[in-house]
2 protein chains.
Amino acid sequence: MKHTHAEENYLKAIYMLSEKQESLVSTTAMADFLHTSAASITDMIQKLHNKGLVIYRKYQGVTLTDRGKESAIKILRKYLLWEVFLVDKLKFGWSEIHEIAEQLEHIDCDTLIDRLDHFLGNPYCSPHGIVIPNADGKIIDKPRWLLTDLSEGASGIVSAIKDDSVAFLQYLGKRNIYLGAKITVIEKIQFDGSTDITIDNQYKINISRKITDNILITL
Amino acid sequence: MKHTHAEENYLKAIYMLSEKQESLVSTTAMADFLHTSAASITDMIQKLHNKGLVIYRKYQGVTLTDRGKESAIKILRKYLLWEVFLVDKLKFGWSEIHEIAEQLEHIDCDTLIDRLDHFLGNPYCSPHGIVIPNADGKIIDKPRWLLTDLSEGASGIVSAIKDDSVAFLQYLGKRNIYLGAKITVIEKIQFDGSTDITIDNQYKINISRKITDNILITL
DNA sequence: AAATTTATTTAGACAAATCTAAATAAATTT
DNA sequence: AAATTTATTTAGATTTGTCTAAATAAATTT
Ligand SMILES: [Mn+2]
Ligand SMILES: [Mn+2]
Ligand SMILES: [Mn+2]
Ligand SMILES: [Mn+2]
């Protein structure tokens, strides 16, 4: 099934708002999220209902059908992978990527996203730490730790960054730390809380507690 | 000035068709190129005329104004850089990229394309050999020759291909001829107009006049 | 030169996505 | 419980981009 840009935005929005709460998604929540009028939301929701993508109960709210959810997850996957691309490859700061990925998510090509996924090293989650659905639409929750909490000898993959600032992203770039990099904890220095690590079993560096507190690791 | 997707497609189309011929671009040529009805073309051309992006003379045809040309070149730059990305980074074949780049060219972000340009190593031309306008919209033309016109002993770099049919691209792939390959003319055969060449000082092959007529060389 | 064919424009319609203003339902306050 | 406020829907309008069918202009053939 192919959707228009607007339909895709609505489907993804419903999905994301549904994740945050149990109940049906309200018209105003949608209007707020998408910066459109409540009237427009009602309009589109009714269209999506007629297409079997959502279940809509007047004055109650909306929820995704299985088909709608499947579509929403595909769009979210595209959105998140493009975010990884923008941060990891083009060195954008966090604040700038949302608007661009919001456009890129609509690019329609069967093979493009899977190639992008591979090119990016099959990242586990977006720069914001949101888990990226796999090509089958499955969302696999791996446990995650702060790099701070890894013990000596342990290793894992950099999967998200908690700090937004350009300064931090630049620091990471300079130290060859990127999403998908393999980090091994060599030694934890008691005195100042810093950690000796290797990146991709190659570069050995020491990073401070402030750094390890802002890096999320999966196995 | 910001344009809609459709406007951008029209502007780029007029630019590309204008490059191939001296005279005004006709309605049918546009309709053919964009796979839309002649009536739709006339409609949109009139809108673009009212916005000062094209000069349109009824029944005669259309040409870009300076403002229109500036916009068209920006879109073309985006289109070509995304093509490089798709081939160079995501390993798409030349035949698959057109449709995707046709979508990606509409992504709107001031900094995105310049970062992409840098990420790709500031390529001189697209996979099809079309020169990529720089960030200022300047198109710097290096001199190029048909491979046919190189004399014996001369060598140069494959920088463009005049025929982008799948058949020709497949032929080139099979013979290890690619953009950036170094070709040296070993001998020009008078009898049938064919040429003996080496590719990257490695493979020695004979190619026909029809082939050399479709390969452009820079030094 | 007239007839015919081809190219182009105009007219009228339509779908998609949005808006504002008015109507109505639901929730909250008094 | 009634009044008021808030949320939601409906009605009507607008913009964008497209189409088909009919009208007209330009080019070509007879
Ligand atoms: Mn985001
Ligand atoms: Mn979007
Ligand atoms: Mn192309
Ligand atoms: Mn396009």
Side-chain angles (χ1 to χ4, degrees), chain A residues 1-14 17-18 20-63 68 71-72 75 99 102-103 105-108, chain B residues 1-14 17-18 20-21 23-63 68 71-72 75 102-103 105-108:
Chain A
M1 172 84 45
K2 191 125 100 277
H3 308 290
T4 64
H5 283 205
E7 280 177 352
E8 292 187 343
N9 286 336
Y10 278 83
L11 290 172
K12 196 186 72 180
I14 297 166
L17 292 170
S18 291
K20 289 188 182 171
Q21 45 158 69
E22 194 61 22
S23 51
L24 298 182
V25 176
S26 72
T27 300
T28 24
M30 293 279 296
D32 214 59
F33 190 82
L34 293 174
H35 307 106
T36 32
S37 73
S40 301
I41 300 289
T42 302
D43 246 31
M44 178 64 93
I45 292 296
Q46 285 169 343
K47 285 178 198 164
L48 293 175
H49 181 87
N50 292 335
K51 292 189 180 186
L53 296 163
V54 305
I55 294 164
Y56 166 61
R57 282 214 287 290
K58 260 192 185 180
Y59 296 105
Q60 303 303 299
V62 75
T63 186
S71 289
I75 300 152
E99 202 189 350
E102 198 63 52
Q103 297 178 60
E105 71 188 349
H106 305 292
I107 303 296
D108 174 40
Chain B
M1 174 82 48
K2 190 124 100 280
H3 308 291
T4 64
H5 284 204
E7 280 178 353
E8 291 187 343
N9 286 335
Y10 278 82
L11 290 172
K12 196 186 71 178
I14 297 167
L17 293 171
S18 292
K20 289 189 180 171
Q21 45 158 66
S23 50
L24 298 183
V25 177
S26 72
T27 300
T28 25
M30 293 279 296
D32 214 59
F33 190 81
L34 292 175
H35 307 106
T36 32
S37 72
S40 301
I41 300 290
T42 302
D43 247 31
M44 178 63 93
I45 292 297
Q46 285 169 344
K47 284 179 199 163
L48 293 175
H49 181 87
N50 293 335
K51 290 188 181 186
L53 295 164
V54 306
I55 293 163
Y56 167 60
R57 281 213 288 290
K58 260 191 184 179
Y59 296 104
Q60 304 302 301
V62 75
T63 188
S71 289
I75 301 152
E102 199 63 53
Q103 297 178 60
E105 71 188 348
H106 304 293
I107 303 297
D108 175 40

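Naming convention: chains lettered A, B, ... in sequence-line order (proteins, then strands); numbering from 1 in each chain. Because only heavy atoms are used, hydrogens play no part in the values below, and waters and symmetry mates are left out as well, while side chains stay in. Since we're looking at a predicted model, the values are computed, not measured.
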Tell me the interatomic distance from B:I45, atom CD1, to D:dG17, atom P, rounded to whole angstroms. 13 Å
How many Å lie between CD on A:E7 and C1' on C:dA15, as a whole number? 12 Å
To the nearest angstrom, how far is B:L24 atom CG from D:dA26 atom C1'? 15 Å
Within a strict 4.5 Å, meaning less than it, do heavy atoms of the B:L48 and B:M44 side chains meet? yes
Calculate the interatomic distance between A:K47 atom NZ and C:dA15 atom P; express it in whole Å. 11 Å
Would one find a side-chain N or O of B:S37 under 4.0 angstrom from OP1 or OP2 of D:dC19? yes
Scan for salt bridge (Lys or Arg N to Asp or Glu O under 4.0 Å) pairs involving residues 20-45 of chain A, sequence neighbours excluded, and state none if there are none. none
Point-to-point distance, once rounded to the nearest 0.5 Å, from OG of A:S71 to CE of A:M1: 7.5 Å
Contacts of type side-chain hydrogen bond (donor to acceptor under 3.5 Å, both in side chains), residue A:K12, not counting sequence neighbours: A:E102, A:E105
Pairs meeting criterion side chain to side chain donor-acceptor pair (under 3.5 Å) with involvement of residues 33-42 of chain B, two or more places apart: B:S37-B:S40
What residues form a side chain to side chain contact (heavy atoms under 4.5 Å, CB included) with B:L24, not counting sequence neighbours? B:R57, B:Q60, B:T63
Residues at least two apart in sequence or cross-chain that pass salt bridge (charged side-chain N to carboxylate O under 4.0 Å, His left out) with B:E7, listed by chain then number, are B:K51
Nearest-Å distance for atom pair CG/P, residues A:L48 and C:dA15: 17 Å
Tell me, do B:T27 and B:I45 make a side-chain contact under 4.5 Å, heavy atoms counted? no
Between B:Y10 and D:dT16, is there a contact of a side-chain N or O with OP1 or OP2 at under 4.0 Å? no
Return the set of residues passing ring-ring contact (aromatic ring centres under 6.0 Å, His included) with A:H106 (not counting sequence neighbours), or none when no residue passes. A:H5
Rounded to whole angstrom units, what separation is found between the CE atom of B:M44 and the C1' atom of D:dC19? 14 Å
CG of A:L34 versus P of C:dC19: gap in Å, rounded? 10 Å
Pairing of DNA chain D as dot-bracket, 5' to 3': ( ) intra-strand, [ ] crossing, | other strand, . unpaired, with Watson-Crick or G-U pairs under 3.5 Å? ||||||||||||||||||||||||||||||
Could you run through nucleotides 3-14 of chain C and give me one letter per nucleotide, 5' to 3': B if any protein heavy atom sits under 4.0 Å from the base, S if only the sugar-phosphate is that close, - if neither? ----SSBB----
Please report, rounded to the nearest Å, how far the C1' atom of C:dA17 is from the CE atom of A:M30. 14 Å
